[in-house]
2 protein chains.
Amino acid sequence: MPLLLLKDLPRYECLLEGAKVFPELDPSACEAYLHLLRAGDEVFSVTERNLAEHTISQGRFGVLMLLWNSTQRRTSTGHTVEPCRPAGPRTPAELADAAGVTRATMTGLIDTLERDGLVRREPDPDDRRMMSVRLTPKADAFVAALLPAHFQIMARLMAPLSETERKTLVALLTKILQSASELTATAPVLSASS
Amino acid sequence: MPLLLLKDLPRYECLLEGAKVFPELDPSACEAYLHLLRAGDEVFSVTERNLAEHTISQGRFGVLMLLWNSTQRRTSTGHTVEPCRPAGPRTPAELADAAGVTRATMTGLIDTLERDGLVRREPDPDDRRMMSVRLTPKADAFVAALLPAHFQIMARLMAPLSETERKTLVALLTKILQSASELTATAPVLSASS
DNA sequence: CTTTTTTAGTTAGCCGCCTAACTATCTGCT
DNA sequence: AGCAGATAGTTAGGCGGCTAACTAAAAAAG
């Protein structure tokens with residue numbers, strides 16, 4: 001569970017009440033915001049609990065998936081899967097970038113993965129600053145064993161939504177994501193915007 | 001930023017491709033899942049960045065809000081606001097419960113808040129095991145100064161959504177939240193479900 | 001009235017996230 | 001050639017999650 005959040009979201013009347021005191025408070029926006037974080041957190045923790053049973057964290061799992069995705073393209077058993085990304089991430093820097101964490105964080109993740117024998121660091125022959133991170137066979141088996149349950153969890157989480165509702169949800173979330181990106185880009189200091 | 005996640009979400013064709021290999025993979029469910037976590041994460045980090053400018057974390061802010069919400073009811077300046085919750089949380093245990101974290105975590109949060117002079121621990125006269133946590137005047141001013149910008153951020157994040165879309169979003173998220181709760185309740189061990 | 005169980009809070013230690021500072025290497029400029 | 005700056009990775013230290021183990025006090029059981 002990544003973040004601390006109210007277990008019981010405030011009732012809508014409370015938001016309306018708050019809006020009388022704070023004119024900046026947009027009740028429906030606030031409600032949507034709180035539900036988004038709450039649902040995201042809950043969904044996250046459900047999958048995290050699943051992964052934890054295989055003694056792996058969400059973060060490490062993400063790294064494994066990135067690497068696994070890369071290897072699939074090369075060692076695929078006759079499938080010749082269309083590459084969905086130009087070239088799978090290999091180095092810690094690429095992995096950090098793809099995962100959206102800092103390089104320092106990636107160092108720590110690779111450390112623990114290597115300690116658990118799921119990953120190997122190999123020096124790059126051309127550039128001695130760089131490392132290449134590879135999955136071990138153990139990791140291949142590990143991921144393959146893990147994924148079915150992981151996908152089932154996702155499917156069950158979204159089970160109450162129809163296909164149309166899912167598309168609607170994705171569309172709405174995409175809009176929010178975009179406005180979040182704009183806020184990030186245009187308002188590094190909040191008071192300097194508006 | 002609480003969680004590690006793919007910066008670029010996989011294209012839908014990749015999910016379809018993956019579904020050929022893993023029959024458990026429901027592409028639209030997976031897509032919705034990824035978008036939900038991604039959007040939640042992004043939105044979270046936008047507000048976190050705002051709070052960070054006031055040198056406070058999302059977690060500490062949550063505690064302040066819970067306490068502030070309690071005090072509002074008692075010291076409200078003539079407003080006599082309808083209590084939105086039965087009785088505001090006061091003790092570390094109540095705060096932990098309301099915030100959805102463990103007591104150990106709450107101890108840490110209160111520690112740093114107390115260190116920064118935003119909160120005071122007072123022993124309960126009736127039950128010597130218990131503590132009562134109170135906001136300092138400094139915290140009152142702090143929260144009052146912080147909230148307008150915080151509400152503005154929420155409003156801007158949700159700006160691209162119409163009122164109807166916000167209601168739709170909340171309804172969809174509520175469905176997901178419910179299925180997540182059911183998964184949590186009925187499947188403490190994943191393999192024991194289904 | 002003692003003993004056991006429950007409860008409140010803290011402590012200790014792990015993990016993953018961050019930033020900032022550091023080392024080593026490569027690249028480019030002159 | 002040689003040095004300045006960029007780049008890859010790590011290290012160090014902080015924070016906020018967690019679990020598990022502990023202390024002190026209250027409540028329940030006998």
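The figures here come from the full heavy-atom set of this structure, side chains too, leaving out hydrogens, waters and symmetry mates. Residue numbers begin at 1 in each chain, while the letters A, B, ... track the order of the sequences.
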Original post:
Considering heavy-atom distances to DNA chain C, does A:Arg115 or A:Asp126 have its closest nucleotide positioned more toward the 5' end?
Top reply: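 By nearest-heavy-atom nucleotide position, the 5'-most residue is A:Arg115.
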Subject >> Check: A:Ser132 side chain, A:Arg90 main-chain N or O, donor-acceptor pair, under 3.5 Å >> reply: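 Between the backbone of A:Arg90 and the side chain of A:Ser132 there is no qualifying donor-acceptor contact (under 3.5 Å).
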**OP:** Report the C-alpha separation of A:Asp124 and A:Arg128 in whole Å, then their side-chain angles, then the decisive distance to 0.1 Å, and conclude whether the side-chain contact (heavy atoms from CB on, under 4.5 Å) test is met.
**Re:** CA-CA 6 Å; A:Asp124 184 306; A:Arg128 274 180 296 174; over 6 Å; no
Taking only side-chain N and O atoms of [X], does any of them lie within less than 4.0 angstrom of OP1 or OP2 on [N]?
X: A:Thr105; N: C:dC18; answer: yes
X: A:Ser57; N: C:dC15; answer: no
X: B:Arg128; N: D:dA26; answer: yes

[N] [atom2] sits how many Å from [X] [atom1], rounded?
X: A:Arg103; N: D:dT11; atom1: CZ; atom2: C1'; result: 15 Å
X: A:Leu113; N: C:dG16; atom1: CG; atom2: C1'; result: 12 Å
X: B:Leu109; N: D:dG16; atom1: CG; atom2: P; result: 6 Å

Original post:
Where each residue is assigned the nucleotide of DNA chain D containing its nearest heavy atom, which of A:Asp111 and A:Asp127 is assigned the position nearer the 5′ end?
Top reply: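 Looking at the nearest nucleotide for each, A:Asp127 comes out on the 5' side.
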Original post:
From the list C:dC26, D:dG9, C:dG16, which nucleotide is the closest neighbour of the side chain of A:Arg60?
Top reply: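 For A:Arg60, the side-chain atoms sit closest to C:dG16.
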Subject >> A:Thr107 side chain, from C-beta outward: closest of C:dG16, D:dT10, C:dG9 >> reply: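 Of all the options, the side chain of A:Thr107 is nearest to D:dT10.
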**OP:** Decide yes or no for A:Met154 and B:Asp26: does some side-chain heavy atom of the first lie under 4.5 Å from some side-chain heavy atom of the second?
**Re:**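 Side-chain contact under 4.5 Å: no.
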Subject >> Under the side-chain contact (heavy atoms from CB on, under 4.5 Å) test, residues paired with A:Glu122 that sit two or more places apart >> reply: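 Scan of A:Glu122 (side-chain contact (heavy atoms from CB on, under 4.5 Å), adjacent residues dropped) gives A:Arg120, A:Arg134.
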